[in-house]
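Just so it is clear, the model here is predicted, and its values are computed rather than measured. Here is how names work: the chains are called A, B, and so on, in the same order as the sequence lines, proteins then strands, and each is numbered from 1.
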Protein chains: 2
Amino acid sequence: MPESPSKDASFPREEELREGIELLFFAYRDFTSDPDDILTEYHFGRAHHRAIHFIGRNPDTSVSELLAILRITKQSLSRVLSQLIDRGFVAQAQDTVDRRRRLLRLTEAGLELERRLSRPQRARVARAYREAGAEAVAGYYKVLTGLIDEAERDRVARALERP
Amino acid sequence: MPESPSKDASFPREEELREGIELLFFAYRDFTSDPDDILTEYHFGRAHHRAIHFIGRNPDTSVSELLAILRITKQSLSRVLSQLIDRGFVAQAQDTVDRRRRLLRLTEAGLELERRLSRPQRARVARAYREAGAEAVAGYYKVLTGLIDEAERDRVARALERP
DNA sequence: AAATTTTGGTCAGTACTATTGACCTGTATT
DNA sequence: AATACAGGTCAATAGTACTGACCAAAATTT
């Protein structure tokens with residue numbers, strides 16, 4: 001059983017933990033830098049990218065579902081969302097079942113922008129995956145999933161399988 | 001050679017890439033939430049944590065070295081740094097060799113705060129490591145390192161080995 | 001049918017992070 | 001002496017996010 005958790009009490013030594021923490025910081029810093037540059041052109045920020053990403057991945061999400069994913073207040077999302085709607089990247093439609101709910105999806109322009117923003121990220125991840133190999137990718141998945149709040153791990157796992 | 005990169009052209013399929021991107025977002029979101037709560041007590045933000053972390057890891061770093069690591073402007077760092085110095089968490093000392101340089105290190109209070117901020121992160125990473133196992137951790141390292149800008153990968157790798 | 005809850009939106013005020021640009025003091029190098 | 005570098009500072013701007021207070025429409029509960 002190569003994938004069984006280590007029982008060694010000294011296994012994650014403090015230095016290993018600090019390295020893992022730092023790697024996450026550096027990877028995230030560089031990972032977000034490419035789309036950040038593109039967003040500047042549009043006078044958008046990282047929050048716009050996050051909204052575009054999750055609306056693109058989950059068409060017809062409601063605002064409150066998006067709030068739960070992004071973990072921000074509705075006031076914060078509202079600003080970003082209305083800018084995206086005003087500029088024609090996101091469309092709202094009323095839910096026919098529950099007409100209070102506004103279902104969100106990307107417009108054609110929104111889909112285009114999503115592809116443009118994610119292209120450098122996909123390229124970066126693809127390169128890292130290829131260089132590290134499939135086995136390393138499985139470990140990357142396992143550890144990152146373990147870093148997510150336990151309460152949300154299932155929801156995230158399900159969201160990853162759905163699309 | 002289980003760690004050799006896959007040669008399969010279809011290996012990182014688009015869906016896998018998008019999952020890898022999303023996992024990084026969720027992991028980073030939850031990873032930063034614990035220290036963020038503690039920082040609020042001190043009326044500090046995430047930038048203060050980052051400065052404390054890297055000064056703690058690299059005692060006697062100069063300001064410009066810190067700027068290069070954090071990738072922010074000196075004006076941004078200056079505000080954060082002078083607050084940390086005013087409140088007694090960071091101390092400055094002149095370099096005896098090049099007296100233009102201010103070498104930064106944590107005070108006793110700074111070391112204490114660093115431990116307090118990193119404790120929940122270390123616990124989170126330790127749990128994820130234990131659950132995933134040593135082999136998965138190796139993959140996590142490999143992929144995250146591959147996500148870092150090529151130009152900085154060596155510098156980061158060296159920084160991780162130094163302390 | 002009336003009361004309550006849910007969903008979504010809005011206004012106002014505040015805080016943190018980060019940016020660009022300009023300008024200044026020292027110190028080191030050439 | 002001139003130039004370059006390390007660091008600090010002032011001012012203005014932008015993006016993200018927060019709390020708190022309200023409001024309206026629609027759904028659910030009583």
Side-chain angles (χ1 to χ4, degrees), chain A residues 25 28-29 32-33 35-55 60-87 90-104 117, chain B residues 25 28-29 32-33 35-55 60-87 90-104 117:
Chain A
F25 165 75
Y28 196 79
R29 181 198 63 176
T32 49
S33 67
D36 281 355
D37 292 341
I38 299 168
L39 289 158
T40 304
E41 283 180 39
Y42 295 80
H43 294 248
F44 284 157
R46 211 173 280 180
H48 298 84
H49 185 192
R50 292 198 283 254
I52 286 173
H53 172 89
F54 285 106
I55 295 170
D60 289 332
T61 324
S62 71
V63 172
S64 48
E65 281 171 329
L66 202 50
L67 286 176
I69 291 171
L70 298 175
R71 288 258 197 91
I72 56 175
T73 58
K74 64 178 171 176
Q75 292 90 329
S76 297
L77 180 58
S78 159
R79 181 188 52 85
V80 165
L81 212 47
S82 52
Q83 285 170 355
L84 289 173
I85 293 167
D86 288 351
R87 306 255 303 265
V90 169
Q92 275 182 326
Q94 237 180 12
D95 186 347
T96 49
V97 182
D98 181 343
R99 288 184 306 174
R100 290 170 305 184
R101 308 178 75 200
R102 268 84 161 175
L103 305 183
L104 306 167
L117 289 170
Chain B
F25 165 77
Y28 197 80
R29 181 199 64 176
T32 50
S33 65
D36 280 356
D37 292 341
I38 299 168
L39 289 160
T40 303
E41 283 179 40
Y42 294 80
H43 294 245
F44 284 158
R46 211 173 279 179
H48 298 84
H49 186 193
R50 291 198 284 256
I52 286 173
H53 172 88
F54 284 107
I55 294 170
D60 289 333
T61 324
S62 71
V63 172
S64 48
E65 280 171 329
L66 202 50
L67 287 176
I69 291 171
L70 298 175
R71 286 257 198 95
I72 56 175
T73 58
K74 66 177 172 176
Q75 292 90 328
S76 296
L77 179 60
S78 155
R79 182 188 52 83
V80 165
L81 211 48
S82 51
Q83 285 170 356
L84 289 173
I85 292 167
D86 289 351
R87 306 254 304 265
V90 169
Q92 273 181 327
Q94 231 179 16
D95 186 349
T96 49
V97 180
D98 183 341
R99 287 184 306 172
R100 291 173 303 183
R101 309 177 75 200
R102 266 82 162 177
L103 305 184
L104 306 167
L117 288 169

How many angstroms lie between OG1 in B/T73 and CZ in B/R79, if you round to the nearest 0.5 Å? 10.0 Å
Just so I know, are the side chains of B/T61 and B/F54 near enough to count as touching, which here means a heavy-atom distance under 4.5 Å? no
Between A/Q94 and A/R71, which residue's closest nucleotide on DNA chain D lies nearer the 5′ terminus? A/R71
Which atom of B/R102 lies closest to which atom of B/R100, heavy atoms considered: NH1-O, 3.3 Å
Where chain B begins and ends its contact with DNA chain C, read 5' to 3' at 4.0 Å from heavy atoms: C/dC16 to C/dA28
Is any side-chain heavy atom of B/H53 closer than 4.5 Å to a side-chain heavy atom of A/F25? no
Round to a whole Å and report the spacing from CG of B/D36 to P of D/dC18. 10 Å
CD/B/Q75 to CG/B/L67 distance, rounded to the nearest 0.5 angstrom? 9.0 Å
Bend angle of the helix from C/dA1-D/dT30 to C/dT30-D/dA1, from helix axes over five pairs at each end, nearest 10°: 30°
To the nearest 0.5 Å, tell me how far A/L117 CG sits from A/I38 CD1. 5.5 Å
To the nearest angstrom, the CZ-P distance between A/R46 and D/dA17 comes to 10 Å
Could you check B/L39, B/V80, B/L84 and say which one makes a side-chain contact (heavy atoms from CB on, under 4.5 Å) with B/I52? B/L84
Of A/V80 and A/T96, the one whose nearest nucleotide on DNA chain D sits closer to the 5' end is A/V80
Give the rounded distance in Å between these two atoms: CD1 of A/I52 and P of D/dT16. 11 Å
Please find the pair of heavy atoms, one from B/R101 and one from B/S62, that lie closest to each other, and give the distance. NH2-OG, 3.2 Å
Could you check how far NE2 of B/H43 sits from P of D/dC18, rounded to whole Å? 17 Å
Less than 4.5 Å apart, any side-chain heavy atom of A/H48 and any of A/Y42? no
How long is the line joining CZ of A/F44 and P of D/dA17, in whole Å? 14 Å
B/T96 OG1 to B/L103 CG distance, which is reported to the nearest 0.5 Å: 8.0 Å
At 4.0 Å (heavy atoms only), tell me whether B/H48 reaches a base, stays on the sugar-phosphate, or touches nothing. sugar-phosphate
Using a cut-off of 4.0 Å between protein heavy atoms and nucleotide atoms, how would you tag nucleotides 7-12 of chain D 5' to 3' with B, S and -? BBBB--
Side chains of A/L104 and A/Q92: closer than 4.5 Å at any heavy-atom pair? yes
